Amino acid sequence: MLSFVCYHKHINTANASSFTKREYLMKIAKILLTSLALTTAAASTVAMADYDYDDRIEAQVYQDKNFQANADKVVKILEKKGYTVKKVEADTYKKTPFSKSQPVIKAEAYKGYVEYEIKFSYPDLNIVQERADD
């Protein structure tokens with residue numbers, strides 16, 4: 001809105017008769033669209049940075065020489081709890097939307113007819129999230 005007010009004053013102090021109402025509205029629309037585009041670009045850059053960070057964390061987990069042994073331990077832990085394990089993979093976990101991503105091993109498993117998603121902290125393999133998958 002500040003841009004609009006400043007621009008509006010500029011038009012009033014300039015030769016206002018040289019602008020038609022249509023030209024005036026087009027210039028305001030251009031300013032608003034430019035502001036929207038810049039805001040959207042900034043937001044998407046932040047989201048991409050977070051996405052790249054999560055990808056790097058997952059890659060580090062997969063590159064760990066103990067990953068397969070830890071994944072096998074996760075399967076054994078879940079089978080002892082009565083789950084049938086469908087899939088085990090590296091992932092990231094955030095306690096809150098604003099907290100830093102942590103490396104985890106995510107397991108998709110069934111107990112009865114219900115599918116669960118269980119996340120284990122990595123490399124210590126403590127359960128950080130256990131929920132029925134929708």
Side-chain angles (χ1 to χ4, degrees):
M1 195 64 177
L2 183 60
S3 299
F4 169 73
V5 172
C6 294
Y7 189 74
H8 183 68
K9 286 182 180 177
H10 175 70
I11 289 174
N12 286 339
T13 58
N15 185 6
S17 62
S18 66
F19 290 105
T20 65
K21 185 174 183 179
R22 178 180 164 86
E23 290 173 329
Y24 177 74
L25 292 174
M26 292 300 287
K27 288 189 182 290
I28 290 173
K30 184 177 179 181
I31 290 170
L32 292 175
L33 288 173
T34 302
S35 298
L36 178 64
L38 291 173
T39 304
T40 303
S44 64
T45 301
V46 170
M48 283 301 290
D50 192 37
Y51 179 75
D52 291 341
Y53 179 73
D54 288 351
D55 283 349
R56 280 186 268 135
I57 290 174
E58 289 177 28
Q60 288 174 348
V61 172
Y62 281 122
Q63 291 170 358
D64 181 13
K65 64 181 180 179
N66 298 321
F67 172 74
Q68 191 57 51
N70 285 329
D72 293 341
K73 286 180 190 175
V74 165
V75 171
K76 288 179 185 176
I77 291 169
L78 291 174
E79 286 175 346
K80 284 182 184 178
K81 290 183 162 228
Y83 288 99
T84 303
V85 180
K86 174 183 165 187
K87 185 176 177 182
V88 176
E89 62 188 1
D91 201 4
T92 57
Y93 172 73
K94 290 183 176 187
K95 289 182 182 178
T96 67
F98 303 106
S99 64
K100 188 176 177 182
S101 294
Q102 300 295 318
V104 295
I105 291 182
K106 179 177 81 172
E108 294 177 10
Y110 288 92
K111 192 180 242 187
Y113 294 104
V114 181
E115 184 177 2
Y116 289 86
E117 180 180 278
I118 304 105
K119 293 187 179 184
F120 291 82
S121 58
Y122 192 82
D124 55 353
L125 303 181
N126 293 318
I127 295 176
V128 294
Q129 184 181 49
E130 185 173 5
R131 65 179 181 87
D133 205 9
D134 298 331

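For this chain, numbers begin at 1 and follow the sequence in order. Note that the structure is a prediction, hence the values are computed from the model and not measured.
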**Trace of the side-chain contact (heavy atoms from CB on, under 4.5 Å) decision for Ile77 with Tyr83** = CA-CA 9 Å; Ile77 291 169; Tyr83 288 99; over 6 Å; no

**Message:** Under 4.5 Å between side-chain heavy atoms, counting indirect links through other Ile/Leu/Val/Met/Phe/Trp/Tyr residues: same cluster for Tyr62 and Val75 or not?
**Reply:** yes

**Request:** Looking only at non-hydrogen atoms, find the nearest pair between Lys30 and Thr34 and report the distance.
**Result:** O-OG1, 2.8 Å

**Message:** Under a 3.5 Å threshold, yes or no: a donor from one side chain and an acceptor from the other, between Gln60 and Asp64?
**Reply:** no

**Asked** If you round to the nearest 0.5 Å, how far is OG1 of Thr20 from CE of Met26?
**Response** 10.0 Å

**Asked** Is the closest side-chain heavy-atom distance between Lys73 and Ile105 below 4.5 Å?
**Response** no

**Prompt:** Atom CZ of Arg131 and atom CD of Glu117: how far apart are they, to the nearest 0.5 Å?
**Reply:** 4.5 Å

**Prompt:** Hey, what's the ring geometry for Phe67 with Tyr122, parallel, tilted or perpendicular (30° and 60° as the breaks)?
**Reply:** tilted

**Prompt:** Roughly how far apart are Gln102 CD and Lys119 NZ, rounded to 0.5 Å?
**Reply:** 12.0 Å

**Request:** Can you establish whether the number of heavy atoms outside Arg22 located under 6.0 Å from its atom CZ is more than 12?
**Result:** no

**Verdict with reasoning, Phe120 to Val104, per side-chain contact (heavy atoms from CB on, under 4.5 Å)** = CA-CA 5 Å; Phe120 291 82; Val104 295; 5.8 Å; no

**Prompt:** What distance do Thr92 atom OG1 and Asp54 atom CG have between them, rounded to the nearest 0.5 Å?
**Reply:** 3.5 Å

**Asked** Taking the side chain from Ser99 and the backbone from Lys94, do they hold a donor-acceptor pair closer than 3.5 Å?
**Response** no

**Item:** Closest heavy-atom pair and its distance - Val114, Ala132
**Value:** CG1-CB, 4.0 Å

**Request:** Indicate, with yes or no, if Val74 and Val85 share a hydrophobic cluster defined by side-chain heavy-atom contacts under 4.5 Å among Ile, Leu, Val, Met, Phe, Trp and Tyr.
**Result:** yes

**Message:** What's the separation between atom CD in Gln129 and atom NZ in Lys106, rounded to the nearest 0.5 Å?
**Reply:** 10.0 Å

**Message:** Can you confirm whether more than 12 heavy atoms, excluding those of Lys95, are under 6.0 Å from its NZ atom?
**Reply:** no

**Asked** Do the side chains of Asp91 and Glu58 get nearer than 4.5 Å, heavy atoms only?
**Response** yes

**Prompt:** Do Tyr116 side-chain atoms and Lys111 backbone N/O form a donor-acceptor pair below 3.5 Å?
**Reply:** no

**Prompt:** Same cluster for Val61 and Ile118 if Ile/Leu/Val/Met/Phe/Trp/Tyr side chains link at under 4.5 Å?
**Reply:** yes

